[in-house]
Amino acid sequence: MTIEQLSRHPLIALAAPYDFALSISFWQLSTLELCEQWADGVYRRVIVHNGRPVVLSLHQAGTVDAPAVWAALDQQPATLEETQQLAPLVRQLLGDDADLAGFYEAVAHDPVMASLTQLLRGTRPPRSPAWETLCWVVIGQQISLPFARTLKTRLVQGYADSFDVAGRTLFHFPSPERLASVAVEALLPLQFSRNKASFIVGLAQAIVEERLDLLALTDMPTAQAVPYLMQFRGIGRWTAEFTLMRALGRRDALPANDAGVRQAIAALYGQRLAEPELRVFAQRWGDWQGTAALYLFSWLKTQRLAPQAAA
DNA sequence: TTCCAGGACGACA
DNA sequence: TGTCGTCATGGA
């Protein structure tokens, strides 16, 4: 399908450079295909629109240097009015405010990171809602990615609404209200540890009881948001930083204790660093350490996917 | 069998 | 404040 044909639809222009496919497939090994999907060049996620859950589909239209998407709601192309209404959310979902050019310039002095920015040019990982992200990250604490994925799948299969789209099942992540009412014991048969189950339920209850305000994170600098999150049981520094990086796209939020970050630095820079040393090491990226971490993750993803793609 | 995974918490010195 | 044991499972 050509751009001309696609241009029948109202377009949402995005900041360049932006590689839609590269960016969306970023989380392919973790959360993708449960609450968000990437198939046939289309990104799908369930959103609440005018008070009801609908399947939002984003179709690529444009190029890396002139990027744009067009939207559909429940498989029907959005009207001009709907597109205008959806544009801010779409831009937020796609991390359109991330200043990639600024990042590339800031790390140009680091040959390794500079080569990554060339290899992954236009990568701007999609963001997911803070509550959904926080749960994903808590689930992912300490366990392997495949097992984390198993737990995530069981959680959404048990507690999320599902939508059949293009022959696939798409889940709408359960709200805090839904998970706050779940008994910790009910998650144990899903192979959640008691700690992990109580963290998830407890955080949901904190939101319902308005002790935890994830919306307030938007207006907090990262240095304030990290200790704010860490007040709550189940959220350590890694979880706070990972959530801020993933959900809010904080360029200065570096999950320095992350095994993936350490692994990527060991592979690319030849240095196996513990958390304190890694934080010092990361100062070379200035306040772009979170964005740099995303590029390290993205590079790791290409390494992990390569053998599977060849198989 | 041991160690490591996209850790956090609580006890203890 | 820093260290260590514990939780919990799967895979290499």
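To find a chain, count down the sequence lines: A is the first, B the second, and so on, and within it residues start at 1. These values consider heavy atoms only, across backbone and side chains, with no hydrogens, waters or symmetry-generated copies.
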Spacing of [X] atom [atom1] relative to [N] atom [atom2], expressed in whole Å:
{"X": "Arg233(A)", "N": "dC7(C)", "atom1": "CZ", "atom2": "C1'", "value": "11 Å"}
{"X": "Phe242(A)", "N": "dA5(B)", "atom1": "CZ", "atom2": "C1'", "value": "13 Å"}
{"X": "Gln263(A)", "N": "dG7(B)", "atom1": "CD", "atom2": "P", "value": "11 Å"}
{"X": "Met245(A)", "N": "dG6(B)", "atom1": "CE", "atom2": "C1'", "value": "9 Å"}
{"X": "Leu145(A)", "N": "dC4(B)", "atom1": "CG", "atom2": "C1'", "value": "12 Å"}
{"X": "Ile143(A)", "N": "dG7(B)", "atom1": "CD1", "atom2": "C1'", "value": "10 Å"}
{"X": "Leu134(A)", "N": "dG6(B)", "atom1": "CG", "atom2": "C1'", "value": "14 Å"}
{"X": "Gln231(A)", "N": "dC9(B)", "atom1": "CD", "atom2": "P", "value": "12 Å"}

Given the [atom1] atoms of [N] and [M], what is the spacing between them in whole Å?
{"N": "dG5(C)", "M": "dG6(B)", "atom1": "C1'", "value": "23 Å"}
{"N": "dC3(B)", "M": "dC4(C)", "atom1": "P", "value": "15 Å"}
{"N": "dT1(B)", "M": "dT9(C)", "atom1": "C1'", "value": "16 Å"}

Quick one: is Thr239(A) getting a side-chain N or O under 4.0 Å of the dA8(B) phosphate, OP1 or OP2?
yes
Arg272(A) or Gly234(A), whichever maps to the more 5' nucleotide of DNA chain B
Arg272(A)
Of Arg237(A) and Arg262(A), whose nearest nucleotide on DNA chain B comes first from the 5' end?
Arg262(A)
To the nearest 0.5 Å, tell me how far [X] [atom1] sits from [Y] [atom2].
{"X": "Leu229(A)", "Y": "Gln224(A)", "atom1": "CG", "atom2": "CD", "result": "10.5 Å"}
{"X": "Trp288(A)", "Y": "Asp99(A)", "atom1": "CH2", "atom2": "CG", "result": "4.5 Å"}
{"X": "Tyr295(A)", "Y": "Leu268(A)", "atom1": "OH", "atom2": "CG", "result": "14.5 Å"}

Is there a side-chain contact between Arg127(A) and Leu248(A) (heavy atoms, below 4.5 Å)?
no
For a 4.5 angstrom cut-off between non-hydrogen side-chain atoms, does Val46(A) reach Phe163(A)?
yes
Salt-bridge present (Asp287(A), Arg251(A); N to O < 4.0 Å)
yes
Under 4.0 Å between a side-chain nitrogen and a carboxylate oxygen: does that hold for Asp19(A) and Arg121(A)?
no
Ring-on-base stacking dG7(B) with Trp238(A) (under 5.5 Å, under 30°):
no
Any donor-acceptor pair under 3.5 Å between the side chain of Gln142(A) and the base of dA5(B)?
yes
If we check side-chain contact (heavy atoms from CB on, under 4.5 Å) with Ile139(A), which of these qualifies: Leu134(A), Leu151(A), Thr150(A)?
Leu151(A)
Candidates dG6(B), dA8(C), dG10(B) - which lies nearest the side chain of Asp258(A):
dG6(B)
Which nucleotide in the list dG10(B), dA5(B), dT9(C) gets nearest to the side chain of Ser144(A)?
dA5(B)
Using a heavy-atom cut-off of 4.0 Å across all strands, would you classify Leu151(A) as base, sugar-phosphate, or nothing?
nothing
What residues from residues 191-207 of chain A pass a heavy-atom cutoff of under 4.0 Å to DNA chain C?
Gln191(A), Ser193(A), Arg194(A)
